[in-house]
Protein chains: 2
Amino acid sequence: MPEPSDAAADAAEPSLEEQIAAYQREFQDLDPQVEQVVSALQRLNRRMNVAYGRQTATLGMSNAEWEVLKALVLAGAPYRLGPGELAKRLGLTPAAMTHRIDRMANEGLVTRERDENNRVRVIVELTDEGREKWLEAMRLATVFEEDLLQDLSGDERQLLGQVLTRLLRRVEDAQPDAGGRLSDLD
Amino acid sequence: MPEPSDAAADAAEPSLEEQIAAYQREFQDLDPQVEQVVSALQRLNRRMNVAYGRQTATLGMSNAEWEVLKALVLAGAPYRLGPGELAKRLGLTPAAMTHRIDRMANEGLVTRERDENNRVRVIVELTDEGREKWLEAMRLATVFEEDLLQDLSGDERQLLGQVLTRLLRRVEDAQPDAGGRLSDLD
DNA sequence: CCTGAAGACTTCAGCCCTAAAGTTCGAAGC
DNA sequence: GCTTCGAACTTTAGGGCTGAAGTCTTCAGG
């Protein structure tokens, strides 16, 4: 068994605190307060996506499929949207949506049909099975989310929600374009 | 020009408030306070990744490459890590790292060489050019980040950082495994 | 009516990632 | 010192995504 002897190989995963200290060391003009917020946001989201991925996997689907179900449910009854609109809301290209819908239609989560009133358009509609899958995913997700926020008091939760919403408003105003492609995700 | 007449086609991008209202309508057992925090986190991170992607693109690289540079800088001088270690820190498979390093070595951002003391291992080392790229990216990123938090007072920033760090600690303790694959990213 | 222009979706080529097998080297036992 | 096991990385096959080109439909004009 190779010893952990060598210098370069393994230098322990940096904690958030170590990460910020390292950034300050390497980049003088850094506001540690800002960096703590930003780095925590990034790491938190990464972990959350991993957790969601595990949950959706137990339901036999991917996060990608879950996103589509979410968008359709959010559209409200009768749970219909076109591929282009879906693509815009998920931040994907229409081409990607075409394939995703193919797969989900094969699995029975959605149906795809031409709009009779305008035969250029296509209507993607949630099936009962798709809606049921969404509900199951929500039940899992809310348990995880409640657990995540467990240590926060009601006041803290409210304050956190308000502050994050302010930040979000600031970014969304600056990038009014709803569907900027997210070149990379992590 | 097709009129917006049709019912199904375009139902306006939901705002965060509308999204939460819709979730409550469709899923009774929902704590709106929790959902506001979680949904804001997700949307915020998506927007941030889009913004970072645009910035790194102006420097002629992708967010993926930027992540590698970050990990190497965080490792500290002499800015060396093995492919496996990098993969673990970025949440990728070793196979993906192999190819990423190929590309980055071709672009001169890193070098790849065998460890002389243990010829199974490979050492990826940041080049001066890579370090310079990282600095440029940091300069852009900090401007964006400072702008993002502009509306927050110093106290608010500190509080936000502390609360997020507590949440992060909770998830990281629950998923001690540093490199869970993030099956999907958005 | 026929034609041209624009919109909505799909198809195609190429890139990057995952999962699984393959290769190479180092460490331990006989 | 030879063999076997295990570790670290690379290679291969297949899937999902982007960007660009292609198809089909609708609308406006002559």
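Computed from a predicted model, the values in this text were never measured in an experiment. Proteins come first, then strands; the chains are lettered A, B, ... in the order of their sequence lines, and each starts at number 1.
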Is the shortest distance from a Lys or Arg side-chain nitrogen in [X] or [Y] to a carboxylate oxygen in the other one below 4.0 Å?
X        : Y        : result
B/Arg157 : B/Glu146 : yes
B/Asp151 : A/Arg166 : no
A/Arg131 : B/Glu26  : yes

Has [X] got a side-chain N or O lying under 4.0 Å from the OP1 or OP2 atom of [N]?
X        : N      : answer
A/Arg119 : D/dT26 : no
B/Arg112 : D/dA8  : no
A/Arg100 : C/dT10 : no

Could you check how far [atom1] of [X] sits from [atom2] of [N], rounded to whole Å?
X        : N      : atom1 : atom2 : result
A/Arg121 : C/dA6  : CZ    : P     : 18 Å
A/His99  : C/dA13 : NE2   : P     : 12 Å
B/Arg114 : C/dC25 : CZ    : P     : 7 Å
A/Glu116 : C/dA8  : CD    : P     : 18 Å
A/Asp115 : D/dT26 : CG    : P     : 10 Å
A/Asp102 : D/dC17 : CG    : C1'   : 14 Å
A/Arg103 : D/dG14 : CZ    : C1'   : 13 Å
B/Asn63  : C/dC16 : CG    : C1'   : 14 Å

From [options], nucleotide with atom closest to [X] side chain:
X        : options                : result
A/Thr98  : D/dC9, C/dT10, C/dA19  : C/dT10
B/Asn118 : C/dT11, C/dA19, C/dG26 : C/dG26
B/Pro94  : D/dT18, C/dA19, D/dT10 : D/dT10

Using the side chain to side chain contact (heavy atoms under 4.5 Å, CB included) criterion, which residues pair with A/Thr127? Sequence neighbours excluded.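 Result, side chain to side chain contact (heavy atoms under 4.5 Å, CB included) vs A/Thr127: A/Thr111, A/Glu129.
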Assign each of A/Val120 and B/Ala96 the nucleotide of DNA chain C bearing its closest heavy atom; nearer the 5' end lies the nucleotide of A/Val120
Item to complete: Scan for salt bridge (charged side-chain N to carboxylate O under 4.0 Å, His left out) pairs involving residues 133-142 of chain A, sequence neighbours excluded, and state none if there are none.
Response: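 Checked against salt bridge (charged side-chain N to carboxylate O under 4.0 Å, His left out) - neighbours excluded - the pairs reaching residues 133-142 of chain A are A/Glu132-A/Arg139.
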